[in-house]
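Atom set for the values below is all heavy atoms of this structure, side chains included, hydrogens, waters and symmetry mates excluded. The chain is numbered in sequence order, starting from 1. When a ligand or atom number is given, it counts from 1 through the structure's own listing order. From a predicted model like this one, the values you see are computed outputs, not experimental measurements.
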Amino acid sequence: MGRIQTINPATEEVIQEYETMPKVQVLGIAQQCHDAFQVWKNYSVKERAARISNLGSVLLKNKKKYAALITKEMGKAISESIAEVEKCAMLCSVYAKQGKQWLAEEVVEASGKKHRVVFEPLGVIFSVMPWNFPFWQALRFAVPALLAGNTSILKHASITTGCALEIEQAFIEAGFPENTFRTVLADHATVAGLIASPLIQGVSLTGSTEAGSRIAEQAGKHLKKVVLELGGSDPFIVLEDADVDAAAKGAVTGRTLNCGQSCIAAKRFIVVKHVAEQFSAKFASLMSSIVIGDPMKEETKIGPLVNADAVNTMEAFVEDAVQKGGKILCGGKRKKGRGCFFEPTVITNTSPQMKIVREEVFGPIAPVIIVKGEKEAISIANHSEFGLGGSVWTKDLKRGERVARQLEAGSVFVNSVVRSDPRMPFGGVKKSGIGRELSVYGLREFVNVKGLNVFGWKSERLLSKPL
Ligand code: NAP
(Lines give C-alpha, C1' and ligand atoms only; values in the text may rest on other atoms or scores of the structure.)
Protein backbone atom coordinates (compact mmCIF):
# COMPACT_ATOMS: atom_id res chain seq x y z
CA MET A 1 0.00 0.00 0.00
CA GLY A 2 1.17 3.48 -0.75
CA ARG A 3 0.46 6.86 0.75
CA ILE A 4 -1.21 9.83 -0.86
CA GLN A 5 -0.54 13.30 0.47
CA THR A 6 -2.64 16.24 -0.69
CA ILE A 7 -0.96 19.67 -0.59
CA ASN A 8 -2.47 23.14 -0.87
CA PRO A 9 -0.51 24.78 -3.71
CA ALA A 10 -1.26 28.30 -2.42
CA THR A 11 0.36 27.67 0.95
CA GLU A 12 2.36 24.49 0.26
CA GLU A 13 0.89 23.00 3.45
CA VAL A 14 -0.18 19.39 3.70
CA ILE A 15 -3.98 19.10 3.69
CA GLN A 16 -4.48 15.39 4.31
CA GLU A 17 -2.86 11.98 4.07
CA TYR A 18 -4.55 8.85 2.74
CA GLU A 19 -3.58 5.24 2.22
CA THR A 20 -4.14 3.65 -1.15
CA MET A 21 -6.39 0.59 -1.09
CA PRO A 22 -4.85 -2.85 -1.57
CA LYS A 23 -5.68 -4.50 -4.87
CA VAL A 24 -7.91 -7.10 -3.22
CA GLN A 25 -10.07 -4.34 -1.73
CA VAL A 26 -10.35 -2.57 -5.09
CA LEU A 27 -11.39 -5.80 -6.81
CA GLY A 28 -13.95 -6.33 -4.03
CA ILE A 29 -15.42 -2.92 -4.84
CA ALA A 30 -15.51 -3.89 -8.53
CA GLN A 31 -17.49 -7.00 -7.57
CA GLN A 32 -19.96 -4.86 -5.59
CA CYS A 33 -20.36 -2.50 -8.56
CA HIS A 34 -20.87 -5.50 -10.82
CA ASP A 35 -23.62 -6.82 -8.51
CA ALA A 36 -25.22 -3.35 -8.36
CA PHE A 37 -25.22 -3.28 -12.18
CA GLN A 38 -27.54 -6.32 -12.28
CA VAL A 39 -30.17 -4.19 -10.52
CA TRP A 40 -29.43 -0.70 -11.87
CA LYS A 41 -29.61 -1.80 -15.51
CA ASN A 42 -33.28 -2.70 -14.95
CA TYR A 43 -34.23 0.77 -13.72
CA SER A 44 -36.09 2.73 -16.38
CA VAL A 45 -34.34 5.71 -17.94
CA LYS A 46 -36.92 7.89 -16.17
CA GLU A 47 -35.92 6.42 -12.78
CA ARG A 48 -32.22 6.89 -13.51
CA ALA A 49 -32.80 10.43 -14.75
CA ALA A 50 -34.58 11.27 -11.49
CA ARG A 51 -31.39 10.36 -9.56
CA ILE A 52 -29.28 12.41 -11.98
CA SER A 53 -31.59 15.34 -11.38
CA ASN A 54 -31.21 14.86 -7.59
CA LEU A 55 -27.45 14.83 -8.06
CA GLY A 56 -27.70 18.28 -9.68
CA SER A 57 -29.59 19.56 -6.62
CA VAL A 58 -27.03 18.02 -4.23
CA LEU A 59 -24.23 19.74 -6.16
CA LEU A 60 -25.93 23.13 -5.96
CA LYS A 61 -26.78 22.69 -2.28
CA ASN A 62 -23.15 21.90 -1.41
CA LYS A 63 -21.46 24.08 -4.01
CA LYS A 64 -19.60 26.32 -1.55
CA LYS A 65 -18.19 23.33 0.32
CA TYR A 66 -17.13 21.57 -2.89
CA ALA A 67 -15.69 24.75 -4.41
CA ALA A 68 -13.58 25.43 -1.31
CA LEU A 69 -12.20 21.89 -1.45
CA ILE A 70 -11.38 22.15 -5.18
CA THR A 71 -9.51 25.42 -4.58
CA LYS A 72 -7.68 24.04 -1.56
CA GLU A 73 -6.53 20.89 -3.35
CA MET A 74 -5.57 22.21 -6.79
CA GLY A 75 -5.48 25.98 -6.45
CA LYS A 76 -7.94 27.42 -8.96
CA ALA A 77 -9.60 30.74 -8.09
CA ILE A 78 -12.69 30.21 -5.93
CA SER A 79 -14.97 31.93 -8.47
CA GLU A 80 -13.88 29.33 -11.05
CA SER A 81 -14.45 26.48 -8.58
CA ILE A 82 -18.00 27.70 -7.95
CA ALA A 83 -18.57 27.95 -11.72
CA GLU A 84 -17.25 24.40 -12.13
CA VAL A 85 -19.72 22.94 -9.63
CA GLU A 86 -22.57 24.93 -11.20
CA LYS A 87 -21.62 23.59 -14.61
CA CYS A 88 -21.80 20.04 -13.23
CA ALA A 89 -25.34 20.76 -12.03
CA MET A 90 -26.17 22.04 -15.52
CA LEU A 91 -24.76 18.81 -16.98
CA CYS A 92 -27.11 16.83 -14.71
CA SER A 93 -30.09 18.87 -15.78
CA VAL A 94 -29.30 18.47 -19.52
CA TYR A 95 -28.92 14.69 -19.24
CA ALA A 96 -31.93 14.27 -16.93
CA LYS A 97 -34.02 16.11 -19.51
CA GLN A 98 -32.60 14.64 -22.72
CA GLY A 99 -31.81 11.11 -21.55
CA LYS A 100 -35.07 9.50 -22.59
CA GLN A 101 -34.87 10.89 -26.11
CA TRP A 102 -31.14 10.23 -26.54
CA LEU A 103 -31.53 6.60 -25.41
CA ALA A 104 -34.76 5.97 -27.29
CA GLU A 105 -34.82 2.94 -29.58
CA GLU A 106 -34.42 3.68 -33.27
CA VAL A 107 -36.78 2.20 -35.83
CA VAL A 108 -35.20 0.75 -38.99
CA GLU A 109 -37.12 -0.44 -42.06
CA ALA A 110 -35.57 -3.69 -43.29
CA SER A 111 -36.78 -7.11 -44.52
CA GLY A 112 -38.30 -8.50 -41.29
CA LYS A 113 -41.35 -7.58 -39.23
CA LYS A 114 -39.51 -5.39 -36.79
CA HIS A 115 -36.02 -3.93 -36.66
CA ARG A 116 -34.85 -1.78 -33.78
CA VAL A 117 -31.54 -0.29 -32.64
CA VAL A 118 -31.49 -0.63 -28.86
CA PHE A 119 -28.98 1.02 -26.51
CA GLU A 120 -28.13 -1.26 -23.60
CA PRO A 121 -25.60 -0.67 -20.80
CA LEU A 122 -22.32 -2.60 -20.77
CA GLY A 123 -21.58 -3.11 -17.06
CA VAL A 124 -19.00 -1.56 -14.73
CA ILE A 125 -17.06 1.24 -16.44
CA PHE A 126 -13.80 2.37 -14.87
CA SER A 127 -12.77 6.02 -15.06
CA VAL A 128 -9.32 7.51 -14.45
CA MET A 129 -9.52 11.27 -14.08
CA PRO A 130 -7.25 14.35 -13.79
CA TRP A 131 -7.03 17.04 -11.12
CA ASN A 132 -7.54 20.15 -13.27
CA PHE A 133 -11.37 20.16 -13.22
CA PRO A 134 -11.84 17.60 -10.46
CA PHE A 135 -15.64 17.70 -10.31
CA TRP A 136 -16.32 18.45 -13.97
CA GLN A 137 -14.09 15.78 -15.51
CA ALA A 138 -15.31 13.04 -13.18
CA LEU A 139 -19.00 13.90 -13.62
CA ARG A 140 -18.77 14.63 -17.35
CA PHE A 141 -17.99 10.94 -17.71
CA ALA A 142 -20.06 9.44 -14.86
CA VAL A 143 -23.42 11.14 -15.42
CA PRO A 144 -24.02 9.80 -18.97
CA ALA A 145 -22.44 6.43 -18.10
CA LEU A 146 -24.86 5.92 -15.20
CA LEU A 147 -27.83 7.34 -17.07
CA ALA A 148 -27.25 4.69 -19.74
CA GLY A 149 -27.52 2.03 -17.00
CA ASN A 150 -23.86 1.29 -16.29
CA THR A 151 -22.29 1.44 -12.85
CA SER A 152 -18.92 3.08 -12.38
CA ILE A 153 -15.66 3.21 -10.44
CA LEU A 154 -13.59 6.40 -10.22
CA LYS A 155 -9.84 6.50 -9.70
CA HIS A 156 -9.15 10.20 -9.42
CA ALA A 157 -5.81 12.03 -9.62
CA SER A 158 -4.13 11.65 -6.24
CA ILE A 159 -3.84 15.47 -6.04
CA THR A 160 -7.64 15.71 -5.71
CA THR A 161 -8.36 12.71 -3.49
CA GLY A 162 -10.61 14.78 -1.19
CA CYS A 163 -12.76 15.76 -4.19
CA ALA A 164 -12.98 12.11 -5.26
CA LEU A 165 -14.38 11.11 -1.87
CA GLU A 166 -16.88 14.01 -1.86
CA ILE A 167 -18.11 13.03 -5.33
CA GLU A 168 -18.80 9.51 -4.07
CA GLN A 169 -20.80 10.97 -1.16
CA ALA A 170 -22.77 13.20 -3.52
CA PHE A 171 -24.04 10.14 -5.42
CA ILE A 172 -25.13 8.56 -2.14
CA GLU A 173 -26.86 11.78 -1.05
CA ALA A 174 -28.66 11.93 -4.41
CA GLY A 175 -30.28 8.53 -3.73
CA PHE A 176 -28.36 6.33 -6.18
CA PRO A 177 -28.54 2.67 -5.13
CA GLU A 178 -25.49 1.46 -3.21
CA ASN A 179 -22.41 0.71 -5.33
CA THR A 180 -23.67 2.32 -8.53
CA PHE A 181 -20.79 4.81 -8.18
CA ARG A 182 -17.64 4.15 -6.14
CA THR A 183 -14.33 5.88 -5.65
CA VAL A 184 -11.14 3.89 -5.20
CA LEU A 185 -7.79 5.19 -3.97
CA ALA A 186 -5.46 3.16 -6.11
CA ASP A 187 -1.89 3.22 -7.36
CA HIS A 188 -1.00 2.67 -11.02
CA ALA A 189 -0.37 -1.08 -10.59
CA THR A 190 -3.83 -1.55 -9.09
CA VAL A 191 -5.31 0.47 -11.98
CA ALA A 192 -3.72 -2.02 -14.37
CA GLY A 193 -5.11 -4.94 -12.32
CA LEU A 194 -8.59 -3.46 -12.41
CA ILE A 195 -8.47 -2.90 -16.18
CA ALA A 196 -7.48 -6.55 -16.57
CA SER A 197 -10.35 -7.77 -14.36
CA PRO A 198 -13.30 -9.37 -16.16
CA LEU A 199 -15.55 -7.33 -13.84
CA ILE A 200 -14.69 -4.19 -15.85
CA GLN A 201 -16.33 -3.65 -19.24
CA GLY A 202 -14.83 -0.34 -20.33
CA VAL A 203 -12.33 2.36 -19.40
CA SER A 204 -12.46 6.13 -19.76
CA LEU A 205 -9.36 8.22 -19.13
CA THR A 206 -9.02 11.97 -19.12
CA GLY A 207 -5.43 13.03 -18.71
CA SER A 208 -2.12 13.39 -20.45
CA THR A 209 -1.35 11.79 -23.79
CA GLU A 210 1.29 9.65 -22.06
CA ALA A 211 -1.19 8.23 -19.51
CA GLY A 212 -3.73 7.74 -22.31
CA SER A 213 -1.29 5.65 -24.27
CA ARG A 214 -0.49 3.45 -21.23
CA ILE A 215 -4.12 2.91 -20.30
CA ALA A 216 -5.11 2.23 -23.92
CA GLU A 217 -2.35 -0.37 -24.14
CA GLN A 218 -3.67 -2.15 -21.02
CA ALA A 219 -7.28 -1.90 -22.18
CA GLY A 220 -6.33 -3.09 -25.66
CA LYS A 221 -4.58 -6.13 -24.24
CA HIS A 222 -7.79 -7.14 -22.49
CA LEU A 223 -10.05 -5.99 -25.36
CA LYS A 224 -11.88 -3.38 -23.33
CA LYS A 225 -13.62 -0.43 -24.92
CA VAL A 226 -11.79 2.87 -24.19
CA VAL A 227 -12.54 6.56 -24.41
CA LEU A 228 -9.54 8.87 -24.10
CA GLU A 229 -9.70 12.64 -23.52
CA LEU A 230 -6.10 13.80 -23.70
CA GLY A 231 -3.86 16.80 -24.05
CA GLY A 232 -4.14 19.68 -26.48
CA SER A 233 -2.27 22.63 -27.91
CA ASP A 234 -5.17 24.60 -29.29
CA PRO A 235 -4.48 27.24 -31.94
CA PHE A 236 -6.02 30.70 -31.44
CA ILE A 237 -6.02 32.36 -34.87
CA VAL A 238 -6.36 36.14 -35.19
CA LEU A 239 -7.01 37.18 -38.81
CA GLU A 240 -6.30 40.70 -40.11
CA ASP A 241 -10.03 41.59 -40.07
CA ALA A 242 -10.58 40.56 -36.43
CA ASP A 243 -11.84 42.90 -33.73
CA VAL A 244 -8.42 43.06 -32.11
CA ASP A 245 -9.67 44.24 -28.71
CA ALA A 246 -12.18 41.39 -28.50
CA ALA A 247 -9.55 38.91 -29.65
CA ALA A 248 -7.06 40.13 -27.03
CA LYS A 249 -9.67 39.80 -24.27
CA GLY A 250 -10.57 36.33 -25.56
CA ALA A 251 -6.90 35.41 -25.63
CA VAL A 252 -6.54 36.29 -21.95
CA THR A 253 -9.57 34.21 -20.98
CA GLY A 254 -8.48 31.36 -23.23
CA ARG A 255 -4.95 31.26 -21.83
CA THR A 256 -5.53 31.95 -18.14
CA LEU A 257 -8.65 29.97 -17.22
CA ASN A 258 -7.64 27.55 -14.46
CA CYS A 259 -4.24 29.28 -14.43
CA GLY A 260 -3.68 27.97 -17.95
CA GLN A 261 -4.13 24.36 -16.84
CA SER A 262 -6.92 23.38 -19.18
CA CYS A 263 -6.77 20.89 -22.05
CA ILE A 264 -8.77 23.32 -24.21
CA ALA A 265 -6.83 26.42 -23.22
CA ALA A 266 -5.66 28.53 -26.16
CA LYS A 267 -2.00 27.56 -26.31
CA ARG A 268 -0.65 28.87 -29.64
CA PHE A 269 -1.56 32.42 -30.68
CA ILE A 270 -1.28 32.56 -34.46
CA VAL A 271 -1.66 36.16 -35.57
CA VAL A 272 -1.67 37.68 -39.06
CA LYS A 273 1.21 40.18 -39.44
CA HIS A 274 -1.04 43.13 -40.20
CA VAL A 275 -2.49 43.14 -36.64
CA ALA A 276 0.29 41.29 -34.79
CA GLU A 277 1.86 44.29 -33.06
CA GLN A 278 -1.47 45.77 -32.00
CA PHE A 279 -2.74 42.39 -30.75
CA SER A 280 0.45 41.48 -28.87
CA ALA A 281 0.63 44.85 -27.09
CA LYS A 282 -3.02 44.68 -26.01
CA PHE A 283 -2.73 41.02 -24.99
CA ALA A 284 0.42 41.64 -22.91
CA SER A 285 -1.10 44.70 -21.25
CA LEU A 286 -4.21 42.73 -20.21
CA MET A 287 -2.15 39.73 -19.07
CA SER A 288 0.07 41.87 -16.83
CA SER A 289 -2.93 43.48 -15.13
CA ILE A 290 -4.45 40.19 -13.93
CA VAL A 291 -4.84 39.85 -10.16
CA ILE A 292 -2.82 36.84 -8.99
CA GLY A 293 -2.98 35.74 -5.40
CA ASP A 294 -4.89 33.91 -2.69
CA PRO A 295 -7.31 31.72 -4.67
CA MET A 296 -9.82 31.74 -1.78
CA LYS A 297 -10.44 35.47 -2.32
CA GLU A 298 -13.32 36.46 -4.62
CA GLU A 299 -11.30 39.16 -6.40
CA THR A 300 -8.45 36.78 -7.36
CA LYS A 301 -8.48 35.89 -11.04
CA ILE A 302 -5.52 33.50 -11.02
CA GLY A 303 -4.39 31.27 -8.20
CA PRO A 304 -1.28 29.13 -8.03
CA LEU A 305 -0.26 26.36 -10.40
CA VAL A 306 -1.03 22.89 -9.12
CA ASN A 307 2.37 22.23 -7.53
CA ALA A 308 6.04 23.18 -7.36
CA ASP A 309 6.91 20.89 -10.29
CA ALA A 310 4.53 22.83 -12.52
CA VAL A 311 6.31 26.11 -11.62
CA ASN A 312 9.69 24.55 -12.47
CA THR A 313 8.25 23.35 -15.79
CA MET A 314 7.04 26.89 -16.63
CA GLU A 315 10.47 28.32 -15.80
CA ALA A 316 12.11 25.76 -18.07
CA PHE A 317 9.71 26.64 -20.91
CA VAL A 318 10.57 30.34 -20.63
CA GLU A 319 14.31 29.64 -20.41
CA ASP A 320 14.17 27.46 -23.54
CA ALA A 321 12.23 30.15 -25.46
CA VAL A 322 14.59 32.96 -24.41
CA GLN A 323 17.66 30.90 -25.31
CA LYS A 324 16.17 30.41 -28.78
CA GLY A 325 15.53 34.13 -29.31
CA GLY A 326 12.09 34.62 -27.73
CA LYS A 327 11.19 38.09 -26.43
CA ILE A 328 9.21 38.31 -23.18
CA LEU A 329 6.48 40.97 -23.42
CA CYS A 330 5.22 40.39 -19.89
CA GLY A 331 5.68 38.01 -16.98
CA GLY A 332 8.17 35.19 -17.34
CA LYS A 333 8.91 34.62 -13.66
CA ARG A 334 7.70 32.72 -10.61
CA LYS A 335 6.26 34.88 -7.84
CA LYS A 336 8.59 35.17 -4.86
CA GLY A 337 7.56 33.75 -1.49
CA ARG A 338 5.24 30.91 -0.56
CA GLY A 339 2.97 29.18 -3.01
CA CYS A 340 3.31 27.88 -6.55
CA PHE A 341 2.59 31.11 -8.40
CA PHE A 342 3.76 31.99 -11.91
CA GLU A 343 3.19 35.27 -13.74
CA PRO A 344 0.98 35.36 -16.86
CA THR A 345 3.50 35.52 -19.69
CA VAL A 346 3.43 36.57 -23.35
CA ILE A 347 6.40 35.68 -25.57
CA THR A 348 6.93 36.95 -29.14
CA ASN A 349 9.68 36.35 -31.70
CA THR A 350 8.91 32.67 -31.44
CA SER A 351 10.20 29.87 -33.65
CA PRO A 352 9.00 26.29 -34.33
CA GLN A 353 11.99 24.89 -32.40
CA MET A 354 10.76 26.32 -29.11
CA LYS A 355 9.11 23.96 -26.63
CA ILE A 356 6.33 26.53 -25.97
CA VAL A 357 5.32 26.12 -29.63
CA ARG A 358 5.80 22.36 -29.96
CA GLU A 359 4.62 20.96 -26.63
CA GLU A 360 1.51 21.29 -24.48
CA VAL A 361 2.09 24.20 -22.08
CA PHE A 362 -0.03 23.55 -19.00
CA GLY A 363 0.29 27.01 -17.44
CA PRO A 364 -0.14 30.72 -18.22
CA ILE A 365 2.48 31.15 -20.97
CA ALA A 366 1.36 32.42 -24.38
CA PRO A 367 3.58 32.21 -27.48
CA VAL A 368 2.64 34.61 -30.30
CA ILE A 369 3.36 33.21 -33.76
CA ILE A 370 3.22 35.74 -36.61
CA VAL A 371 2.00 34.60 -40.05
CA LYS A 372 1.52 36.21 -43.48
CA GLY A 373 -2.16 35.33 -43.87
CA GLU A 374 -5.02 32.86 -43.55
CA LYS A 375 -3.40 30.01 -45.46
CA GLU A 376 -0.23 30.00 -43.37
CA ALA A 377 -2.33 30.35 -40.18
CA ILE A 378 -4.26 27.17 -41.02
CA SER A 379 -1.12 25.29 -41.95
CA ILE A 380 0.65 26.19 -38.68
CA ALA A 381 -2.49 25.50 -36.65
CA ASN A 382 -2.65 21.98 -38.09
CA HIS A 383 1.08 21.43 -37.71
CA SER A 384 0.66 19.81 -34.30
CA GLU A 385 0.41 16.32 -32.95
CA PHE A 386 -2.68 17.45 -31.01
CA GLY A 387 -6.20 18.10 -32.32
CA LEU A 388 -8.48 19.03 -29.44
CA GLY A 389 -9.89 22.52 -30.07
CA GLY A 390 -9.24 25.71 -31.97
CA SER A 391 -10.63 29.21 -32.38
CA VAL A 392 -10.66 31.77 -35.16
CA TRP A 393 -11.19 35.51 -34.78
CA THR A 394 -12.59 37.53 -37.72
CA LYS A 395 -15.46 39.94 -38.41
CA ASP A 396 -16.33 37.93 -41.52
CA LEU A 397 -18.34 35.02 -40.12
CA LYS A 398 -18.40 33.08 -43.42
CA ARG A 399 -14.63 33.30 -43.59
CA GLY A 400 -14.40 32.25 -39.95
CA GLU A 401 -16.51 29.18 -40.64
CA ARG A 402 -14.45 28.33 -43.71
CA VAL A 403 -11.22 28.47 -41.69
CA ALA A 404 -12.80 26.60 -38.77
CA ARG A 405 -13.80 23.74 -41.08
CA GLN A 406 -10.18 23.34 -42.14
CA LEU A 407 -8.81 22.97 -38.61
CA GLU A 408 -7.96 19.42 -37.53
CA ALA A 409 -9.70 19.50 -34.15
CA GLY A 410 -12.65 18.06 -32.25
CA SER A 411 -14.22 21.46 -31.47
CA VAL A 412 -13.79 24.75 -33.27
CA PHE A 413 -15.12 28.16 -32.38
CA VAL A 414 -15.41 31.42 -34.34
CA ASN A 415 -15.00 34.59 -32.23
CA SER A 416 -15.09 32.65 -28.97
CA VAL A 417 -12.68 30.74 -26.82
CA VAL A 418 -13.07 26.96 -26.89
CA ARG A 419 -15.46 25.73 -24.23
CA SER A 420 -17.38 22.55 -23.49
CA ASP A 421 -21.16 22.37 -23.43
CA PRO A 422 -23.15 19.26 -22.42
CA ARG A 423 -25.32 19.68 -25.53
CA MET A 424 -22.34 19.49 -27.90
CA PRO A 425 -19.88 16.62 -28.43
CA PHE A 426 -16.43 17.02 -26.89
CA GLY A 427 -13.21 15.22 -27.72
CA GLY A 428 -10.13 15.23 -29.87
CA VAL A 429 -8.46 13.85 -32.95
CA LYS A 430 -4.79 12.89 -33.43
CA LYS A 431 -3.01 12.57 -30.05
CA SER A 432 -5.80 14.47 -28.27
CA GLY A 433 -7.96 11.42 -27.88
CA ILE A 434 -10.31 8.70 -28.99
CA GLY A 435 -14.09 8.88 -28.72
CA ARG A 436 -16.38 11.62 -27.46
CA GLU A 437 -17.89 12.85 -24.25
CA LEU A 438 -21.02 14.96 -23.71
CA SER A 439 -24.16 15.21 -25.87
CA VAL A 440 -25.83 12.16 -27.38
CA TYR A 441 -22.43 10.99 -28.69
CA GLY A 442 -20.92 10.79 -25.20
CA LEU A 443 -24.01 9.04 -23.86
CA ARG A 444 -23.67 6.31 -26.48
CA GLU A 445 -19.98 5.56 -25.95
CA PHE A 446 -20.48 2.97 -23.23
CA VAL A 447 -23.54 1.15 -24.55
CA ASN A 448 -24.14 -1.98 -26.53
CA VAL A 449 -25.69 -0.67 -29.76
CA LYS A 450 -27.81 -3.75 -30.25
CA GLY A 451 -29.65 -4.68 -33.43
CA LEU A 452 -32.98 -6.34 -32.57
CA ASN A 453 -34.55 -8.14 -35.55
CA VAL A 454 -37.92 -9.91 -35.54
CA PHE A 455 -39.11 -12.09 -38.46
CA GLY A 456 -42.42 -13.95 -38.94
CA TRP A 457 -42.58 -17.57 -37.82
CA LYS A 458 -43.71 -19.26 -41.05
CA SER A 459 -41.37 -22.09 -42.00
CA GLU A 460 -41.08 -21.23 -45.70
CA ARG A 461 -39.18 -18.07 -44.74
CA LEU A 462 -36.42 -20.21 -43.25
CA LEU A 463 -35.76 -21.72 -46.68
CA SER A 464 -34.61 -18.39 -48.09
CA LYS A 465 -30.86 -17.95 -47.78
CA PRO A 466 -29.46 -15.34 -45.40
CA LEU A 467 -26.78 -13.20 -47.03
P1 NAP B 1 -2.05 12.62 -15.87
O2 NAP B 1 -0.78 12.72 -15.15
O3 NAP B 1 -2.07 11.91 -17.15
O4 NAP B 1 -3.08 11.95 -14.85
C5 NAP B 1 -4.43 11.72 -15.17
C6 NAP B 1 -4.92 10.54 -14.38
O7 NAP B 1 -4.28 9.37 -14.87
C8 NAP B 1 -4.62 10.61 -12.89
O9 NAP B 1 -5.67 10.01 -12.18
C10 NAP B 1 -3.35 9.77 -12.76
O11 NAP B 1 -3.20 9.20 -11.49
C12 NAP B 1 -3.63 8.69 -13.78
N13 NAP B 1 -2.46 8.05 -14.36
C14 NAP B 1 -1.40 8.64 -14.94
N15 NAP B 1 -0.54 7.71 -15.41
C16 NAP B 1 -1.09 6.50 -15.11
C17 NAP B 1 -0.67 5.14 -15.32
N18 NAP B 1 0.45 4.84 -15.93
N19 NAP B 1 -1.47 4.17 -14.86
C20 NAP B 1 -2.62 4.45 -14.24
N21 NAP B 1 -3.07 5.70 -14.02
C22 NAP B 1 -2.32 6.72 -14.45
O23 NAP B 1 -2.68 14.04 -16.19
P24 NAP B 1 -2.92 15.26 -15.23
O25 NAP B 1 -1.62 15.90 -14.96
O26 NAP B 1 -3.75 14.85 -14.06
O27 NAP B 1 -3.83 16.18 -16.17
C28 NAP B 1 -3.32 17.02 -17.11
C29 NAP B 1 -3.44 16.45 -18.50
O30 NAP B 1 -4.79 16.05 -18.76
C31 NAP B 1 -3.12 17.46 -19.59
O32 NAP B 1 -2.37 16.86 -20.60
C33 NAP B 1 -4.49 17.88 -20.10
O34 NAP B 1 -4.50 18.41 -21.39
C35 NAP B 1 -5.24 16.60 -20.00
N36 NAP B 1 -6.69 16.84 -19.94
C37 NAP B 1 -7.43 16.52 -21.03
C38 NAP B 1 -8.80 16.79 -21.02
C39 NAP B 1 -9.67 16.48 -22.21
O40 NAP B 1 -10.89 16.51 -22.06
N41 NAP B 1 -9.14 16.19 -23.38
C42 NAP B 1 -9.37 17.38 -19.90
C43 NAP B 1 -8.56 17.67 -18.81
C44 NAP B 1 -7.21 17.39 -18.84
P45 NAP B 1 -2.16 9.78 -10.40
O46 NAP B 1 -2.60 11.14 -10.04
O47 NAP B 1 -2.27 8.83 -9.27
O48 NAP B 1 -0.81 9.76 -11.06
> Under the side chain to side chain donor-acceptor pair (under 3.5 Å) criterion, do Ser81 and Thr71 qualify, and how do the steps go?
Replying inline: CA-CA 6 Å; Ser81 297; Thr71 296; 2.7 Å; yes

>> Please evaluate residues Leu388 and Val418 with respect to the criterion side chain to side chain contact (heavy atoms under 4.5 Å, CB included), reporting the C-alpha separation (whole Å), side-chain torsions for both, the decisive distance (0.1 Å), and the verdict.
In response: CA-CA 10 Å; Leu388 195 56; Val418 179; over 6 Å; no

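Taking the centre of each ring, Trp40 and Phe176 come in below the 6.0 Å mark.
Using a 4.0 Å heavy-atom cutoff, Arg140 is listed among the residues neighbouring ligand 1. At a 4.0 Å cut-off, not a single heavy atom of Gly428 sits close enough to ligand 1 to count as contact. Residue Leu205 places a heavy atom less than 4.0 Å from ligand 1. Using 4.0 Å as the threshold, Phe426 has a heavy atom nearer than that to some atom of ligand 1.
The CG atom of Asn179 sits 8.5 Å away from atom CD1 of Ile172, with the distance rounded to the nearest 0.5 Å. Here the straight-line distance linking atom CD of Glu73 with atom OG1 of Thr161 works out to 6.5 Å at 0.5 Å rounding. Here the CD-CZ distance, from Gln98 to Arg423, works out to 9.5 Å after rounding to the nearest 0.5 Å. To the nearest 0.5 angstrom, Thr256 atom OG1 is 4.0 Å from Ile290 atom CD1.
Of the charged side-chain nitrogens involved, none lies within less than 4.0 Å of a carboxylate oxygen, so that Lys335 and Glu343 do not count as a salt-bridged pair. Note on Arg405 versus Glu401: salt bridge recorded, some NZ/NE/NH1/NH2 to OD/OE distance being below 4.0 Å.
Distances from atom 18 (N) of ligand 1 to the heavy atoms of Arg214, His156, Gln137 put Arg214 nearest. Nearest to atom 22 (C) of ligand 1 by heavy atom, out of Lys155, Glu360, Gln218, His188, is His188. For atom 44 (C) of ligand 1, the candidate residues are Leu228, Asn132, Leu194; the nearest heavy-atom contact is made by Asn132. Considering Ala138, Ala157, Ala211 only, the shortest heavy-atom separation from atom 14 (C) of ligand 1 involves Ala211.
Polar contact with ligand 1: present for Ser158 (N/O pair, distance under 3.5 Å).
Classified by interplanar angle (parallel below 30°, tilted 30° to 60°, perpendicular above 60°), the ring pair Phe446/Phe141 is perpendicular.
If you check the side chains of Glu210 and Ser208, you find no donor sitting under 3.5 Å from an acceptor. Side chain to side chain, Ser420 and Lys87 meet the donor-acceptor criterion of an N or O pair below 3.5 Å.
Contacts between Met129 and ligand 1, counted as non-hydrogen atom pairs separated by less than 4.0 Å, involve the backbone only. At a 4.0 Å heavy-atom cut-off, ligand 1 does not touch Asp187 at all. In Leu388, the part holding a heavy atom less than 4.0 Å from any atom of ligand 1 is the side chain. Residue-level proximity to ligand 1 for Phe133 is absent, since no heavy atom of it falls below 4.0 angstrom. Contacts between Glu229 and ligand 1, counted as non-hydrogen atom pairs separated by less than 4.0 Å, involve both the backbone and the side chain. The part of Val191 lying near ligand 1 is the side chain, judged by heavy-atom distances below 4.0 Å. Counting heavy atoms under 4.0 Å from ligand 1, residue Thr209 does not touch it at all.
Given atom 36 (N) of ligand 1, the protein heavy atom at minimum distance is Cys263 CB, 3.6 Å. Ranking the protein heavy atoms by distance from atom 2 (O) of ligand 1 puts Ser208 OG, 4.0 Å first. Atom 37 (C) of ligand 1 has as its closest protein heavy atom Leu230 O, 3.0 Å. The nearest protein atom to atom 28 (C) of ligand 1, hydrogens excluded, is given as Phe362 CE2, 3.6 Å; this is a heavy-atom distance. The single protein non-hydrogen atom nearest to atom 35 (C) of ligand 1 is Gly207 O, 3.2 Å, given as residue, atom name and distance. Closest to atom 25 (O) of ligand 1 among all protein heavy atoms lies Trp131 NE1, 3.0 Å. Closest protein heavy atom to atom 7 (O) of ligand 1: Val128 CG1, 3.3 Å. Nearest non-hydrogen protein atom to atom 27 (O) of ligand 1 is Pro130 CB, 3.5 Å.
Between Met129 and Gln137 the shortest heavy-atom distance is SD-O, 3.4 Å.
Under the rule for a side-chain contact (heavy atoms from CB on, under 4.5 Å), the partners of Pro304 that lie at least two apart in sequence or sit in another chain are Pro9, Ala10, Pro295, Cys340, Phe341. Contacts of Gln218 classified as side chain to side chain donor-acceptor pair (under 3.5 Å), with partners at least two apart in sequence or in another chain: none.
Inside a 4.0 Å radius of atom 9 (O) of ligand 1 there is at least one protein heavy atom.
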